[in-house]
Amino acid sequence: MDHTEISNQTISERGNENFDVSARFLSYLRSERTDITTYEIAPTPLTGGIDSRIYQYKLEGKQPKVLRILPSTRDAKELFHLQTVYKTLSIHGINVPLIHSVCDDKSILGGCFAVMDLLPGSTLSAQEPEIQANVIGKTMANMHNLEVNPIIDELKESGIPEEHFLSPAVLKNQLNVFEENYPWTSEHIYWLRDRLPLAGGKLSIIHGDYHAGNLMFEDGLVTGVLDWNFLIADPAIDLAHIVNLCLLYAHHVIKGLTMDFLENYRAQVLKSYCKIMPVDNELIKAFRVLELLKVLCFSDKMPEQFQSAQAQRDFIDFIEGVTGLPLKFEHLTGKIKTLSQ
């Protein structure tokens with residue numbers, strides 16, 4: 001299960017842009033280095049990302065690389081942040097695509113961009129669903145089981161403030177932002193404060209978007225993990241995301257998926273995970289509510305499929321069902337009434 005359909009649509013819509021990207025990017029590379037000649041393989045779109053444009057390319061005499069272009073609304077600071085995070089994770093044995101350079105000039109390719117390693121294999125989404133689910137559950141649990149204290153120390157030494165990556169500071173900041181800027185979430189934030197681990201708890205490496213489209217796979221092994229929303233926090237955050245992905249997001253993004261299929265996929269992921277790590281189902285529900293509030297609060301920055309009235313109603317129904325509290329969500333284009341009104 002991945003975002004192939006939406007990625008292909010994006011590539012098709014941008015087909016006329018590919019030659020422009022190739023020429024502009026080569027011109028940029030030549031301005032940076034004198035040993036650049038031409039492409040052996042011109043930038044070719046890769047599937048997997050919903051918002052970023054991702055290309056594979058190879059210069060003559062060089063190793064193949066990946067070009068990732070952010071949307072124009074996003075800033076290069078997230079790429080610089082990931083550059084430090086990826087370097088640290090790599091030192092500790094986690095296969096990530098190292099970022100070799102970042103450009104913050106949006107005028108060149110329509111957004112800030114990074115040059116990254118090309119990891120071997122193809123995305124796990126090319127495998128059968130049962131293999132996907134088992135690999136996701138097993139590898140996520142192994143990642144959550146790793147020692148995090150050395151990583152925390154090194155990131156702090158690199159100058160990254162703990163409120164940018166370390167819970168509970170991250171969680172407290174998120175709740176404060178919601179409460180201060182989105183008053184319609186206040187009752188639900190109060191509910192979350194009673195249920196989230198704001199005083200500490202277990203800390204694990206959190207990917208933030210762990211699914212088959214972000215895992216590179218070859219010869220039965222995960223060869224790399226892409227597109228991190230990195231945190232050090234409670235493992236229930238990643239579990240909440242994969243459950244939301246299966247039960248609330250996927251059928252809005254990929255046509256033809258049945259709820260029976262998605263529920264079975266979710267169950268297989270958790271079954272594989274539980275062979276290595278325990279799960280707290282109540283905490284997963286709380287983090288699902290937190291994530292869905294974020295999707296609603298920042299709906300204008302979410303994929304188009306998540307902005308539909310039906311998708312947002314699904315999100316609201318889940319939040320109300322778990323918390324028992326009505327939610328009066330104010331969309332940019334007007335109010336969406338909930339079933340409890």
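- Note that the CG atom of L203 and the CD1 atom of I151 stand 11.5 Å from one another [nearest 0.5 Å].
- Relative orientation of the F178 and F298 rings is tilted, given thresholds of 30° and 60° on the angle between their planes.
- One side chain, D314 or H252, offers a donor N or O that lies under 3.5 Å from an acceptor on the other.
- Between Y265 and F261, the ring planes lie tilted relative to each other; the angle falls in the 30° to 60° range.
- Note: T44 OG1 to K58 NZ = 13.0 Å, rounded to the nearest 0.5 Å.
- Inspection of the H211 and N214 side chains reveals an N or O donor paired with an N or O acceptor under 3.5 Å.
- Ring centers of Y55 and F25: at least 6.0 Å apart, outside the cut-off.
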Q.
Set out, in order, the CA-CA distance, both residues' side-chain angles and the distance that settles side chain to side chain contact (heavy atoms under 4.5 Å, CB included) for K138 and K275, then state yes or no.
A. CA-CA 8 Å; K138 178 182 178 180; K275 291 178 180 178; over 6 Å; no

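- Counting non-hydrogen atoms of neighbouring residues, nucleotides and ligands closer than 6.0 angstrom, the CD atom of E60 exceeds 12 such neighbours.
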**Q.** Step-by-step side chain to side chain contact (heavy atoms under 4.5 Å, CB included) determination, L325 to Y190
**A.** CA-CA 11 Å; L325 301 169; Y190 183 83; over 6 Å; no

Q) Run the side chain to side chain contact (heavy atoms under 4.5 Å, CB included) check on F287 and I284 step by step: do they pass? A) CA-CA 5 Å; F287 276 115; I284 290 173; 6.0 Å; no

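- Using modelled atom types, one finds a donor on one side chain and an acceptor on the other under 3.5 Å when comparing N244 with E291.
- Residues Y86 and V96 come closest through the heavy atom pair O-CG2, 3.3 Å.
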